[in-house]
S.K.: 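Quick one: the structure is below, questions incoming.
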There are 2 protein chains.
Amino acid sequence: MSTMSKTGLASMLLGEQSPTQVASVARALQLIELVVNGPTDGLSLADIARSTNRSKSAVLATLRTLVDFGYVRTIDPGPKYLPGMTLIRFGDLTAGKDPLSAIARPILAELSEKSGLTVRVARNVGGFPVFIDRVDGPGVVRFHTPLGARELPHVSSAGKAILAELSDEQIKSVARECGLISRTKRTITTLSGLQEEMEKVRREGFATDEEEDVPGIFCVGAAIFDHHGQCIGAISATGVRRDLTPRQVNKLGKLVITHADQITKQLHGRKSTRGAK
Amino acid sequence: MSTMSKTGLASMLLGEQSPTQVASVARALQLIELVVNGPTDGLSLADIARSTNRSKSAVLATLRTLVDFGYVRTIDPGPKYLPGMTLIRFGDLTAGKDPLSAIARPILAELSEKSGLTVRVARNVGGFPVFIDRVDGPGVVRFHTPLGARELPHVSSAGKAILAELSDEQIKSVARECGLISRTKRTITTLSGLQEEMEKVRREGFATDEEEDVPGIFCVGAAIFDHHGQCIGAISATGVRRDLTPRQVNKLGKLVITHADQITKQLHGRKSTRGAK
DNA sequence: ATTATCCATTCGGTATTGCCGAACACCGTT
DNA sequence: AACGGTGTTCGGCAATACCGAATGGATAAT
């Protein structure tokens, strides 16, 4: 242990990694993450070398590679390192290539216009919702609605819409995995509460989030299906909480369902009776 | 030469790379590009190994790393490799973190609503426009408007709006770099023609693209400035070509200028008298 | 059925290369 | 003028990223 090699130690500090990764690539990707999450005015080479416990020369070589490919860009003087245009390009390309968001986009725009709300589409990733596209509503209020991140399933309407299509077994499994973390006073934090809610979602055909994730914010969501009847995602409409009557909620729910069904139809999908694997 | 090592050969085939890059990282990034530009239903390991002239084992190790970080995702059976959610996440984060697009976003939405057109904002990258955000118009017609890519400066209204703020020397340099490639019959392909057009842009305060990039499509753009009076980008509105009277074009131009100026103002910028470095 | 052909995956062994550390040059401050 | 802070270049060693062969599984063709 006393004669442990430097890089051996470095790879240990990197945390456990699955079999046969490429260490230098992993380091490079962590470096991208660092820059993306860095301050708006960028990070210096020394900053990065320090916070990654690597030599400046090694970090510089990696950074140069990333800059050449556009994942990172530099601003002078400094130079300071900022996220590059390739990230925007590939992000846009990835969303555009995904059949789900490609088809959903104009339908989201339509729903946003009709409802005046911010509308998003999520993909079902192992029972968790991952939003892949968004159309902001015209309102003055702006939401912090990141794309591409795995969101909590039990506090978002899109998440609930997806969950409601899973088997009881799968719901339990997802609930265990996310821990039913509490976000507000209205968050559902028990498995029995969640299963009750799922019953309601199945009855109504749409899911709601009434200030269960963020105080003052509500959402309404509905599921999307593929040609096997599998739930592959959901859309949701988000707005600031107003005193909606049950009647109004119902109306909005029906509107969201209509648009979700349009997407399902264009995907040549069909709504399944749930429970089927 | 007869005893040239394998990896030595591989790195030669990779094309010349700038001083002290990290070869394995470069290979990984090329791999991302391959997957992003790949078919909608994904690439197999064998596909990738073949088209990169690498061993399957090496490619597999790299892919595993990329999958772990979410840059690539797999679908079974196959497994086939597709672009991952991290690309969407970091693309969205990068655009959201950039002060230009963060400030521009609501103003773009407003302009889109008022004009009924698709509206975009570009950053000035060495005289070339790189679009970093977009708000689609409500129209049925959808444009192919990729983000994050360096676009041609002489065929887009945003590009012209940026060019018009450069010195004659810089304009000549950019023109040489892009070669004034012809895209349609109306494309400006001569330096003198471009400089004449720049005069017009400066007189009017906005730039136009009347079917110079894509037949049937027109754009109107205006520049954005930082606190040094430097042009850091531009916005543009794009629509299908209608028979606009000069009067209507002028009205749309004024509208675009107004919104560009709003962005400049919120950036604490000031419009420069051009020519200043 | 049985072969044949594709695929993904595992595993050593080797030399490539990615890494470090030291030395340099370059600002700003002190 | 001497410092602490940059970014940068350059050897040299050892870790490691790579290849190729071998395995097992799946599907298609005989």
Side-chain angles (χ1 to χ4, degrees), chain A residues 1-14 17-31 35 39 41-68 72-82, chain B residues 2-14 17-31 35 38-39 41-68 72-82:
Chain A
M1 195 63 177
S2 61
T3 57
M4 168 173 267
S5 64
K6 316 152 193 178
T7 46
L9 184 128
S11 68
M12 286 210 52
L13 293 176
L14 239 53
Q17 52 196 35
S18 58
T20 55
Q21 277 198 171
V22 180
S24 64
V25 172
R27 284 188 286 262
L29 299 182
Q30 289 178 328
L31 215 141
V35 171
D41 60 336
L43 291 165
S44 70
L45 173 63
D47 288 338
I48 298 170
R50 242 189 319 256
S51 57
T52 55
N53 290 316
R54 300 209 294 151
S55 69
K56 284 190 289 179
S57 48
V59 171
L60 181 61
T62 308
L63 277 174
R64 280 215 254 252
T65 312
L66 294 175
V67 169
D68 274 12
V72 169
R73 69 190 173 103
T74 57
I75 48 168
D76 293 314
K80 296 253 192 178
Y81 294 93
L82 288 171
Chain B
S2 61
T3 58
M4 167 173 267
S5 63
K6 319 154 191 179
T7 46
L9 184 128
S11 68
M12 286 210 53
L13 292 176
L14 239 52
Q17 51 195 37
S18 59
T20 55
Q21 277 199 162
V22 180
S24 65
V25 172
R27 283 188 287 261
L29 299 182
Q30 289 178 330
L31 215 142
V35 172
D41 61 336
L43 291 165
S44 70
L45 173 61
D47 289 338
I48 298 170
R50 242 188 320 255
S51 58
T52 55
N53 289 316
R54 299 209 293 152
S55 69
K56 284 190 286 180
S57 48
V59 171
L60 180 62
T62 309
L63 277 174
R64 280 215 254 253
T65 313
L66 294 175
V67 169
D68 274 12
V72 169
R73 72 192 171 98
T74 58
I75 49 168
D76 291 317
K80 297 251 192 180
Y81 294 92
L82 289 171

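Numbers restart at 1 for each chain; the letters A, B, ... are given by sequence-line order, proteins then strands.
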S.K.: For C:dT10, does OP1 or OP2 lie under 4.0 Å from any side-chain N or O of B:Arg64?
M.R.: yes
S.K.: Could you please spell out the steps behind the side chain to side chain donor-acceptor pair (under 3.5 Å) verdict for B:Arg27 and B:Thr52?
M.R.: CA-CA 9 Å; B:Arg27 283 188 287 261; B:Thr52 55; over 6 Å; no
S.K.: What's the closest nucleotide to the A:Leu60 side chain, out of C:dC19, D:dA17, D:dT8?
M.R.: D:dT8
S.K.: Report the residue (A:Ser57 or B:Lys56) whose heavy-atom-nearest nucleotide on DNA chain D is the more 5′ of the two.
M.R.: A:Ser57
S.K.: What heavy-atom pair brings B:Lys80 and B:Gly42 nearest, and what distance separates the two atoms?
M.R.: CD-O, 3.8 Å
S.K.: Could you state the atom-to-atom distance from CG of A:Asp76 to C1' of D:dT6 in whole Å?
M.R.: 13 Å
S.K.: Could you give the CG-to-P distance, from A:Asn53 to C:dC20, as a whole number of Å?
M.R.: 10 Å
S.K.: For C:dC19, does OP1 or OP2 lie under 4.0 Å from any side-chain N or O of A:Arg27?
M.R.: yes
S.K.: Measure the shortest side-chain to side-chain distance between B:Ile75 and B:Asp41 over non-hydrogen atoms and say whether it is less than 4.5 angstrom.
M.R.: no
S.K.: Under 4.0 Å from any atom of DNA chain D, heavy atoms only: list the residues of residues 43-51 of chain B that qualify, in numerical order.
M.R.: none
S.K.: Measuring to OP1 and OP2 of C:dC19, would you say a side-chain N or O of A:Arg54 lies under 4.0 angstrom away?
M.R.: yes
S.K.: Grab the two heavy atoms, one from A:Thr74 and one from A:Pro79, that are nearest each other, plus how far apart they are.
M.R.: CB-CB, 4.3 Å
S.K.: Nearest to the side chain of A:Pro79, heavy atoms from C-beta on, is which of C:dT9, C:dC20, D:dG7?
M.R.: D:dG7
S.K.: Is a donor-acceptor contact shorter than 3.5 angstrom present between the side chain of B:Ser24 and the base of C:dG18?
M.R.: no
S.K.: With a 4.5 Å heavy-atom cut-off, do B:Thr20 and A:Leu60 have their side chains touching?
M.R.: no
S.K.: Just jot down the side chain to side chain contact (heavy atoms under 4.5 Å, CB included) partners of B:Ala61, sequence neighbours excluded, or say none.
M.R.: A:Val22
S.K.: Tell me the interatomic distance from A:Leu63, atom CG, to D:dG7, atom P, rounded to whole angstroms.
M.R.: 10 Å
